[in-house]
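Note sheet for the following structure.
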Amino acid sequence: VILVSATTGPRSVAAESMAELEELATSANVLVLDKIIQRRRQIHPKTVLGSGKLNELLIRAMQLGADLIVFDRELTPAQIRSLSVATDLKVIDRPQLILDIFAQRANSREGKLQVELAQLKYLLPRLVVGQNSAFSRLAGGIGGRGPGETKLETDRRRVRKKITHLEKQVKKLSRQRKERRKGRLRRKVPIVSLVGYTNAGKSTLLNTLTDSKVFAERKMFATLDPTSRRLRLPYEQEVIINDTVGFIRDLPKTLVAAFRATLEEISDSDLLVHVVDASNPRAMQQIQSVDKILTELKLSDIPYFIVLNKSDLVGNDEISNLERQIKLDNERNCVAVSAIRQNTLKPLIETIGKLLAKDLNKFEAQYA
């Protein structure tokens, strides 16, 4: 694969986004051969890149033997067709790459349903008949898993019918999940959800806190299916901890819509623990992205604090600087931990206990 970015903004911002795209590509199990960034006054409406850069891309693809090009932006159906014709290669965009990673990671029935629904919603406006379609070269693999493997001539009516069918199934699963949540609420057990950017270490933290064996891997979107575990806090207080799907900037809207049933799990939380990878140079931007998504999902009113994870990988000065920036930006409380070192988690457990105890009167009134 060759990664391509065309931007009208600062080159440094494009480089950061490109670094994240490379992480995504690695998570999708593809080999990144080259990265190309072009800064333009305006994006070419048809081919995104200028003609000179497009020729350069074509030559590089032939020299390196690339068979896939991934653009670091959402492309229109017309742009994908134009680029496919110009390069004679399969072209996908950032949302499609993210959808493909989700397709690889989905294990539960609910996860698979939601991914297929998101893929079909993404595919529908891009369904066109003819050789020049972006989907005329699909043969499985990256961007072609799941419904992408259906033949190009898939009738739009059939796709819409399938979307309606999947939406009904997702709603049914959402109702079942709601009933399970009601049972928890009746038992008056506070709910704490781990939220944060993808690959911040939420699953590892859950495993260490609750002595569990939830799947955790140093890859983006290793967790798709929310997991709940019980945790006993000091003073005999018991809470339920949820591990949730990681966020990412420019998360495809179709994916957010499809995963709403899963994200609803967060809405009943009494406390959010925002896990941040303190060793990531883009930590502050990631915090802002997560805050933005929480606001979009109308979850920003739930009390939350920030956990600076992977503190064993950075120095005390860096942690102090990050804490200062966070306090200046959004006045949140911070706790520094290392999810792989249990002896660092005491301040985190105490903070959860204190914040829930502080809110205890409100909590008892809510479930009285």
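For this chain, numbers begin at 1 and follow the sequence in order.
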Quick one: are T198 and F247 in side-chain contact, heavy atoms under 4.5 Å?
-> no
Would you mind reporting whether F71 and L97 have side-chain heavy atoms less than 4.5 Å apart?
-> no
Are side-chain heavy atoms of R39 and T8 found at a separation under 4.5 Å?
-> no
Nearest heavy-atom contact between G65 and L33 is C-CD1, 4.3 Å
same_hphob_cluster(L83, L58) at 4.5 Å side-chain heavy-atom cutoff = no
Rounded distance (nearest 0.5 Å) linking atom OG1 of T351 with atom CG of L345 = 11.0 Å
Hey, is the main chain of L231 close enough, under 3.5 Å, to the side chain of E238 for a donor-acceptor pair?
-> no
Residues D243, K202: salt bridge by 4.0 Å N-O rule = no
Within a radius of less than 6.0 Å around CD of Q63, do more than 12 heavy atoms belonging to other residues, nucleotides or ligands occur?
-> yes
Heavy-atom side-chain proximity of L205 to L348 below 4.5 angstrom | yes
Would you say Y122 and D93 make side-chain contact, with heavy atoms under 4.5 Å?
-> yes
Step by step, work out the side chain to side chain contact (heavy atoms under 4.5 Å, CB included) result for I326 and L308.
-> CA-CA 10 Å; I326 290 164; L308 298 175; 3.7 Å; yes
Using distance alone, with no hydrogens and no angle criterion, decide if D100 and Q119 have a side-chain donor and acceptor under 3.5 Å apart.
-> no
Can you check whether N242's main-chain N or O pairs, donor with acceptor, with R229's side chain at less than 3.5 Å?
-> no
Exceeds 12 heavy-atom contacts within 6.0 angstrom, atom CD of Q342 = no
Charged N to carboxylate O under 4.0 angstrom, E16 versus R282?
-> no
Derivation and outcome, side chain to side chain contact (heavy atoms under 4.5 Å, CB included), residues K310 and V276 | CA-CA 8 Å; K310 307 187 188 180; V276 176; over 6 Å; no
Which atom names give the shortest non-hydrogen contact between A118 and L99, and what distance separates them?
-> CB-CD2, 3.6 Å
Could you grab the distance from atom CG of L75 to atom CZ of R73, nearest 0.5 Å is fine?
-> 7.5 Å
Minimal non-hydrogen separation, L54 against A86, with atom names = CD2-CB, 3.8 Å
At their closest point, which heavy atom of V275 faces which heavy atom of G201, and how far apart are they?
-> CG1-C, 4.4 Å
Are I36 and L57 side-chain neighbours, meaning at least one heavy-atom pair lies under 4.5 Å?
-> yes
Between CD on residue Q96 and CD1 on residue I98, distance to nearest 0.5 Å = 11.0 Å
May I ask you to say whether E74 pairs ionically with R94, meaning some side-chain N is under 4.0 Å from a carboxylate O?
-> no
Taking C-beta and beyond as the side chain, do R230 and T210 meet within less than 4.5 Å on heavy atoms?
-> no
Residues in side-chain contact (heavy atoms from CB on, under 4.5 Å) contact with A14, at least two apart in sequence or another chain | S5, T7, I37
For Y197 and E20, test the side chains for any donor-to-acceptor distance below 3.5 angstrom and give the result as yes or no.
-> yes
Heavy-atom pair with the smallest gap, counting every atom of L209 and I349 | CD2-CG1, 3.7 Å
Under a 4.0 Å N-O cut-off, is there an ion pair linking E167 with K121?
-> yes
Greater than 12 external heavy atoms within 6.0 Å of D317's CG = no
Could you tell me the separation between the NZ atom of K46 and the OG atom of S82, rounded to the nearest 0.5 Å?
-> 5.0 Å
Minimum heavy-atom distance L49-H44, with the two atoms named = O-CB, 3.6 Å
Is a side-chain N or O of N309 found less than 3.5 angstrom from the main chain of D277, in a donor-acceptor match?
-> no
Non-hydrogen side-chain atoms of L294 and L272 separated by less than 4.5 Å | yes
Give a yes or no on whether the backbone of Q42 and the side-chain of R40 come within a donor-acceptor separation of less than 3.5 Å.
-> yes
So CE of M284 and OG of S289: to nearest 0.5 Å the spacing works out to 11.0 Å
K90 and D67: CA distance, side-chain angles, deciding distance, side chain to side chain contact (heavy atoms under 4.5 Å, CB included) verdict | CA-CA 7 Å; K90 187 168 151 186; D67 48 20; over 6 Å; no
Connected via hydrophobic side-chain network under 4.5 Å: I59 and L64 = no
For Q169, which of H165, K171, K172 qualifies under side-chain hydrogen bond (donor to acceptor under 3.5 Å, both in side chains)?
-> H165
Separation between CD1 (I302) and CG (D270), nearest 0.5 Å, reads 8.5 Å
Test K112 against E116 for side chain to side chain contact (heavy atoms under 4.5 Å, CB included), laying out the working first.
-> CA-CA 6 Å; K112 286 174 181 174; E116 189 177 1; over 6 Å; no
Ignoring hydrogens and angles, tell me if any N or O in the side chain of T208 forms a donor-acceptor pair with the backbone of I340 under 3.5 Å.
-> no
